[in-house]
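In what follows, residues are counted from 1 in the order of the sequence shown.
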Amino acid sequence: MNNKTRSVMSLKKQFLKSKPVCKVTFSLTKDEANAAEKVQLLGEFNQWKIEEAVELKKYKNGSFKATVDLPIENEFQFKYLIDGAVWSNDVAADKYVNNGITAEDNSVVVI
């Protein structure tokens, strides 16, 4: 068995004292992104519109990251779109819900 620690997609939340907003950082490792060239974040916060997708920044090590300001006391469904073709959930999401369209689930961030 390998003793290496495997990092996973993660959601980091930073609540602001000055306003009812939480800075949520979405991130994927190179392996989780399947060595992608481009990763976009879509969800209820951008009405699932590809033209309003949040582009995750690609780092030299192949990981991706983006921070989004979201209003507190809400839940938002989301998914990652990898290289414009593959939808992926976040393994570290707060929960998962059926998307109501297919048999697949969506990731959910709870703020």
Side-chain angles (χ1 to χ4, degrees):
M1 181 169 199
N2 191 336
N3 288 335
K4 278 181 150 178
T5 302
R6 185 179 187 285
S7 76
V8 295
M9 296 178 204
S10 63
L11 300 174
K12 180 181 173 192
K13 301 173 189 174
Q14 178 185 5
F15 293 87
L16 302 181
K17 292 180 181 179
S18 59
K19 50 186 164 177
V21 169
C22 180
K23 290 186 172 293
V24 181
T25 301
F26 298 85
S27 60
L28 295 91
T29 66
K30 179 181 179 179
D31 289 342
E32 292 157 347
N34 294 319
E37 290 301 314
K38 179 178 177 181
V39 175
Q40 296 170 291
L41 175 65
L42 287 105
E44 292 177 315
F45 42 80
N46 55 18
Q47 292 75 49
W48 298 96
K49 294 181 181 177
I50 195 77
E51 61 272 10
E52 295 180 25
V54 175
E55 293 277 336
L56 277 72
K57 179 180 177 181
K58 185 175 184 179
Y59 290 86
K60 288 181 181 181
N61 66 2
S63 66
F64 289 84
K65 190 179 287 189
T67 301
V68 179
D69 289 354
L70 297 174
I72 62 169
E73 298 181 7
N74 284 284
E75 293 185 8
F76 297 95
Q77 294 182 38
F78 70 95
K79 278 195 169 202
Y80 299 105
L81 181 58
I82 299 173
D83 285 336
V86 178
W87 289 98
S88 180
N89 276 323
D90 192 318
V91 297
D94 294 325
K95 65 181 185 178
Y96 303 92
V97 296
N98 184 282
N99 68 20
I101 300 168
T102 66
E104 293 185 17
D105 287 343
N106 288 339
S107 299
V108 177
V109 59
V110 178
I111 304 167

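- Taking each heavy atom of Ser63 and Asn61 in turn, the nearest pair found is OG-OD1, 2.7 Å.
- Formation of a donor-acceptor pair under 3.5 Å by the Lys23 side chain with backbone atoms of Lys12 is not found in this model.
- Separation of atoms CG (Leu70) and CD (Glu44) is listed at 11.0 Å; rounding is to 0.5 Å.
- Annotation for Ala53 and Leu42: closest pair CB-CG, 3.8 Å, computed over non-hydrogen atoms.
- Scanning both residues, Ala36 and Lys58, for their nearest heavy atoms gives O-NZ, 3.0 Å.
- For Phe64, the ring-ring contact (aromatic ring centres under 6.0 Å, His included) test picks out no residue, with sequence neighbours left out.
- If you chain together hydrophobic residues whose side chains sit under 4.5 Å apart, Val97 and Trp87 never meet in one group.
- Panel note: side chain Asp69, backbone Val21; no donor-acceptor pair is recorded below 3.5 Å.
- Atom CD of Gln77 sits about 9.5 Å away from atom OG of Ser107, to the nearest 0.5 Å.
- No side-chain donor-acceptor contact under 3.5 Å links Thr29 and Asp31.
- For the pair Asp94 (side chain) and Val110 (backbone), a donor-acceptor distance under 3.5 Å is present.
- Here the side chains of Tyr59 and Lys30 are not in contact, with every heavy-atom distance at 4.5 Å or above.
- No donor-acceptor pair under 3.5 Å is formed between the side chain of Asn99 and the backbone N or O of Asn106.
- In terms of hydrophobic clustering, with Ile, Leu, Val, Met, Phe, Trp and Tyr side chains grouped at heavy-atom distances under 4.5 Å, Val109 and Val54 are assigned to a common cluster.
- Cluster annotation: Phe15 and Val24 are assigned to the same hydrophobic cluster (Ile/Leu/Val/Met/Phe/Trp/Tyr, side-chain heavy-atom contacts under 4.5 Å, transitive).
- Between Lys38 and Asp83, none of the side-chain N atoms (NZ, or NE/NH1/NH2) sits under 4.0 Å from a carboxylate O, so this pair counts as no salt bridge.
- Separation of atoms CD (Gln40) and CG (Leu56) is listed at 9.0 Å; rounding is to 0.5 Å.
- Within 6.0 Å of the NZ atom in Lys13, the count of heavy atoms belonging to other residues, nucleotides or ligands exceeds 12.
- Here the closest heavy-atom approach between residue Ile72 and residue Asn74 is recorded as O-ND2, 2.8 Å.
- Between Asp90 and Tyr96 the shortest heavy-atom distance is O-OH, 2.6 Å.
- Looking at every heavy atom in both residues, Leu41 comes nearest to Asn46 through O-ND2, 3.2 Å.
- Distance check, rounded to the nearest 0.5 Å: CG of Asp105 to NZ of Lys95 gives 11.5 Å.
- In the hydrophobic clustering of this structure, Val68 groups with Leu28; members are Ile, Leu, Val, Met, Phe, Trp, Tyr whose side-chain heavy atoms approach within less than 4.5 Å, directly or through other members.
- Taking the six-membered ring where the residue is Trp, Phe45 and Phe26 present tilted rings, their angle falling between 30° and 60°.
- Within 6.0 Å of CD in Glu73 there are 12 or fewer heavy atoms belonging to other residues, nucleotides or ligands.
- Linking Ile, Leu, Val, Met, Phe, Trp and Tyr residues whenever their side-chain heavy atoms come within less than 4.5 Å leaves Val108 and Leu11 in two separate clusters.
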